[in-house]
Amino acid sequence: MESVGSLEEAARKRKERLQALKRKKVSDEEKHADDSEEPLTKIPVSDSSLESGQTETAKKEVAFKNYKPEDDTLQEKVQPPAKLAEVEDHIQDQLEAAKPEPVVEEIDLNNLAPRKPDW
């Protein structure tokens with residue numbers, strides 16, 4: 001009968017540990033929720049006017065690459081289209097370099113004729 005008492009004691013200890021873990025998880029989630037509410041990101045700045053270790057808060061700039069905004073105030077943030085690399089010339093050069101060169105330019109008739117067995 002002593003084993004029943006020890007099993008109940010082990011179950012009670014397990015429940016206490018689980019409740020402690022739940023309380024810790026809830027408190028950690030609350031801390032992370034408070035941290036994520038900051039609208040500005042901290043970016044380290046290597047400016048001579050700032051001492052080492054200090055950070056400056058800054059907002060990310062919007063850059064429109066594929067979207068053309070209708071608002072005139074946003075037109076200045078549109079980036080010019082990217083220039084594509086000229087691939088055809090590069091490929092043509094590689095294809096020309098890969099062509100095999102002729103090994104023998106002239107054909108020697110002595111090498112083509114069959115030799116006599118007693119040569």
Side-chain angles (χ1 to χ4, degrees):
M1 285 311 257
E2 292 180 20
S3 63
V4 174
S6 64
L7 289 176
E8 288 176 356
E9 183 68 25
R12 186 183 56 76
K13 288 181 181 179
R14 242 189 340 268
K15 285 182 184 179
E16 290 174 0
R17 284 191 306 240
L18 286 173
Q19 288 174 352
L21 285 173
K22 285 180 184 178
R23 283 191 298 266
K24 183 179 178 185
K25 183 178 178 183
V26 169
S27 66
D28 287 345
E29 288 176 356
E30 288 175 358
K31 287 179 185 177
H32 290 300
D34 292 340
D35 293 341
S36 65
E37 290 177 3
E38 291 184 18
L40 302 176
T41 59
K42 292 185 179 180
I43 300 172
V45 177
S46 61
D47 190 16
S48 61
S49 63
L50 294 176
E51 295 180 14
S52 63
Q54 289 182 342
T55 59
E56 179 179 305
T57 59
K59 291 183 181 180
K60 289 189 174 185
E61 288 292 321
V62 177
F64 298 111
K65 296 179 183 176
N66 296 329
Y67 175 72
K68 295 181 182 176
E70 295 178 4
D71 191 8
D72 293 334
T73 59
L74 297 176
Q75 289 295 329
E76 63 190 29
K77 298 192 185 234
V78 174
Q79 293 191 359
K83 294 181 181 178
L84 300 177
E86 295 294 329
V87 179
E88 289 101 12
D89 296 335
H90 184 67
I91 292 175
Q92 190 66 28
D93 292 341
Q94 286 186 351
L95 288 175
E96 289 175 3
K99 289 182 182 176
E101 295 180 14
V103 178
V104 179
E105 293 183 15
E106 286 188 19
I107 298 175
D108 188 17
L109 293 177
N110 292 333
N111 289 337
L112 288 179
R115 296 181 185 232
K116 294 181 183 179
D118 58 351
W119 67 276

Please identify each residue that fulfils salt bridge (charged side-chain N to carboxylate O under 4.0 Å, His left out) with R12, with sequence neighbours left out. E9, E16
Heavy atoms, side chains only, cut-off 4.5 Å: are L95 and K99 in contact? no
So which residues get pulled into V78's cluster when ILVMFWY side chains under 4.5 Å apart are joined, directly or through others? V62, F64, Y67, L74
Heavy atoms of other groups near D28 CG, more than 12 under 6.0 Å: yes
Distance in Å, I91 CD1 paired with E96 CD, rounded so as to fall on 0.5 Å steps: 12.5 Å
Residue pairs fulfilling side-chain hydrogen bond (donor to acceptor under 3.5 Å, both in side chains) with at least one residue in residues 84-93, sequence neighbours excluded: H90-Q94
CD/E29 to NZ/K24 distance, rounded to the nearest 0.5 angstrom? 12.5 Å
